[in-house]
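Here is the structure we will look at, set down as structure tokens.
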Amino acid sequence: MRLVQFYRHGDGGGARVGVEQAEGQGVIDLKAFDPSMPCNMKEFLEMGEKGMECAQRALSSGQCVVARSELKLLPPVTAPEKVVCVGMNYRDHCLEQNAPIPAEPIIFSKFSSAITGPYDDILLPEESQEVDWEVELAFVIGRKGKHIKEEDALSHVAGFTVANDVSARDWQMRRNGKQWLLGKTFDTFCPLGPALVTTGSVKDVHKLGVRCLVNGAVVQDSNTDQMIFRTEKLVAWVSRFVTLVPGDVFLTGTPPGVGVFRNPPVFLKKGDVVECQIDEIGAIRNTVV
């Protein structure tokens, strides 16, 4: 299934959870189908199997469909408790910068306020002159857990989506004591979407093409088979330190082709359009303003 958050134009009713009939087609409003359903994805995921079963029934029914022209897609998850990011997690990205392959996952974070919609604008901050792109596979936790074993990890993952880990390289690499957080977490620096594709709907999440285009030109082109630490490892590793809860978002790293390592470096400017694509999951498209 492809789960989304959306609101209807002119409705004034706020966010709703829906199921896409197919990528780019109509969306079934779950609360219209079943009034007991919540209006946001975090609460929906907290329902566990009950929520997923309702979504499947709604999809099979073909009822309560909202046309794409009548809605705006929101990020599939808003206000997660945690946004967990993984650095240096693609072999080809490490080779691009002559960096050693990490022995353990490199974990950092964004604040959840950085999350924005799949087609919303990326705001260039006055504080940075070196804003860069990073297409990333993201996944969302669906079941609470601590000290999760790798063999059980996928049962804690609700699904996968597309992210852009927008990064202010000057702040990431030279400012703030070279701590990454500030350079990664300006408002709108985490476009996310367009849908949360449930785990069972993806054939092999570690064999998917990953691309980023800037103004239509391909700047990143790789495959998730380049990931050093895969989904199961990341869930097990991070859950050693913190309790994972439904709605937590993981960004799993980026492949080569980012602007900072080009010769000369290339950074985003006003008017640029950035499109991040992952096979079987979808694409997000954001204009820089």
Side-chain angles (χ1 to χ4, degrees), residues 75 83-102 104-110 114-116 118 122 128 130-140 160-173 178-186 188-194 205-215 217-231 233-234 237-238 249-263 265-268 272-286 288:
V83 181
V84 179
C85 305
V86 188
M88 309 289 290
N89 197 31
Y90 275 67
R91 290 178 180 84
D92 47 9
H93 183 47
C94 292
L95 292 172
E96 170 186 46
Q97 49 192 303
N98 296 314
I101 302 296
E104 297 174 338
I106 299 171
I107 303 299
F108 62 99
S109 183
K110 289 177 178 278
I115 291 177
T116 192
I122 296 169
S128 175
E130 298 182 0
V131 176
D132 203 350
W133 57 83
E134 290 192 10
V135 60
E136 306 211 5
L137 172 73
F139 64 84
V140 179
F160 299 89
T161 191
V162 183
N164 185 352
D165 178 16
V166 184
S167 304
R169 301 300 188 190
D170 36 9
W171 283 91
Q172 178 190 358
M173 295 179 168
K178 299 184 181 179
Q179 296 280 337
W180 288 6
L181 175 65
L182 286 184
K184 294 283 190 173
T185 203
F186 284 96
T188 73
F189 269 27
C190 191
L192 198 66
V205 76
H206 301 115
K207 289 185 179 178
L208 299 178
V210 179
R211 290 167 297 279
C212 179
L213 291 75
V214 177
N215 301 326
V218 176
V219 292
Q220 292 182 277
D221 190 359
S222 186
N223 194 288
T224 55
D225 64 8
Q226 290 290 307
M227 286 173 62
I228 299 162
F229 304 106
R230 298 188 170 190
T231 302
K233 176 68 174 180
L234 296 174
W237 177 259
V238 175
V249 176
F250 278 65
L251 275 60
T252 63
T254 199
V258 295
V260 70
F261 295 125
R262 293 174 175 266
N263 189 13
V266 177
F267 298 111
L268 293 171
D272 285 345
V273 177
V274 186
E275 183 167 344
C276 296
Q277 307 170 348
I278 301 181
D279 294 348
E280 296 185 39
I281 296 177
I284 59 178
R285 183 181 174 91
N286 307 92
V288 179

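FYI, the numbering just counts along the sequence from 1.
Here the NZ atom belonging to Lys110 is positioned 6.0 Å from the OG1 atom belonging to Thr185, to the nearest 0.5 angstrom. Going from atom CD1 of Ile115 over to atom CG of Leu192 covers 5.5 Å, rounded to the nearest 0.5 Å. Considering NZ of Lys233 and CE of Met227, their distance stands at 13.0 Å, rounded to 0.5 Å. To the nearest 0.5 Å, atoms CD (Gln277) and CD1 (Ile284) are separated by 10.5 Å. With values rounded to the nearest 0.5 angstrom, Leu208 atom CG is found 11.5 Å from Ser222 atom OG. Annotation: the span from Leu251 atom CG to Asn89 atom CG amounts to 11.0 Å, rounded to 0.5 Å.
Residue Thr252 comes nearest to Leu137 through the heavy atom pair OG1-O, 2.7 Å, listed as atom of the first residue, atom of the second, then distance. Minimum heavy-atom separation, Arg262 to Val219: NH2-O, 2.8 Å. Considering all non-hydrogen atoms of both residues, Gly253 and Tyr90 come closest at O-CE1, 3.4 Å. Here the shortest heavy-atom pairing between Met88 and Ile228 reads O-CD1, 3.5 Å. Listed here is the closest heavy atom pair of Val140 and Val249: CG2-CG2, 4.3 Å. When all heavy atoms are compared, the tightest approach of Ile101 to Cys94 is CD1-CB, 3.9 Å.
Residues Arg285 and Val273 meet the side-chain proximity criterion, which asks for heavy atoms closer than 4.5 Å. Between Trp237 and Ile107 the shortest side-chain heavy-atom distance falls below 4.5 Å. A 4.5 Å side-chain heavy-atom check between Val274 and Leu268 finds at least one atom pair inside the cut-off. Pro105 is listed as a side-chain neighbour of Leu234, based on a closest heavy-atom distance under 4.5 Å. Between Val166 and Pro191, the closest side-chain pair of non-hydrogen atoms falls below 4.5 Å. Inter-residue side-chain proximity for Val131 and Phe189 is flagged as met; some heavy-atom pair is nearer than 4.5 Å.
Counting only distance, with no hydrogens or angles, the side chain of Ser109 and the backbone of Val84 share no donor-acceptor pair below 3.5 Å. No side-chain donor-acceptor contact under 3.5 Å links Glu130 to the backbone of Ala168. The backbone N or O of Gly183 lies less than 3.5 Å from no partner atom in the side chain of Gln172, so there is not a single donor-acceptor pair. Here the side chain of Asn164 pairs a donor or acceptor atom with the backbone of Glu134 at under 3.5 angstrom. The backbone N or O of Phe261 lies less than 3.5 Å from no partner atom in the side chain of Glu96, so there is not a single donor-acceptor pair. Remark: the backbone N or O of Phe267 is not paired with any side-chain donor or acceptor of Asp132 at under 3.5 angstrom. In this structure a side-chain-to-backbone donor-acceptor pair under 3.5 Å is missing from His93 to Gly87. For Thr188 (side chain) and Thr116 (main-chain N/O), no donor-acceptor pair under 3.5 Å exists by modelled atom type. Remark: the backbone N or O of Gly257 is paired with a side-chain donor or acceptor of Trp133 at under 3.5 angstrom.
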Next item on the list: Decide side-chain contact (heavy atoms from CB on, under 4.5 Å) for Val210 and Gln220; before the verdict, give the C-alpha distance in whole Å, the side-chain angles of both, and the deciding distance to 0.1 Å.
Entry: CA-CA 8 Å; Val210 179; Gln220 292 182 277; over 6 Å; no

Margin query: Using side chain to side chain donor-acceptor pair (under 3.5 Å), reason through Lys184 and Ser167 one step at a time and then give a plain yes or no.
Written below: CA-CA 5 Å; Lys184 294 283 190 173; Ser167 304; 2.8 Å; yes

Notebook entry, point to check: Going through the checks in order, is the side chain to side chain donor-acceptor pair (under 3.5 Å) test met by Gln226 and Arg91?
Noted result: CA-CA 6 Å; Gln226 290 290 307; Arg91 290 178 180 84; 5.6 Å; no

Next item on the list: Walk me through it: do Val205 and Thr231 pass the test side-chain contact (heavy atoms from CB on, under 4.5 Å)?
Entry: CA-CA 9 Å; Val205 76; Thr231 302; 4.1 Å; yes

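Residue Gln97 places its CD atom among more than 12 non-hydrogen atoms of other residues, nucleotides or ligands, all under 6.0 Å distant.
By the 30° and 60° cut-offs, the orientation of the rings of Phe160 relative to Phe139 is perpendicular.
Inspection of the Asp170 and Ser128 side chains reveals an N or O donor paired with an N or O acceptor under 3.5 Å.
Salt-bridge check for Asp279 with Arg211: passed, with a basic side-chain N closer than 4.0 Å to an acidic carboxylate O.
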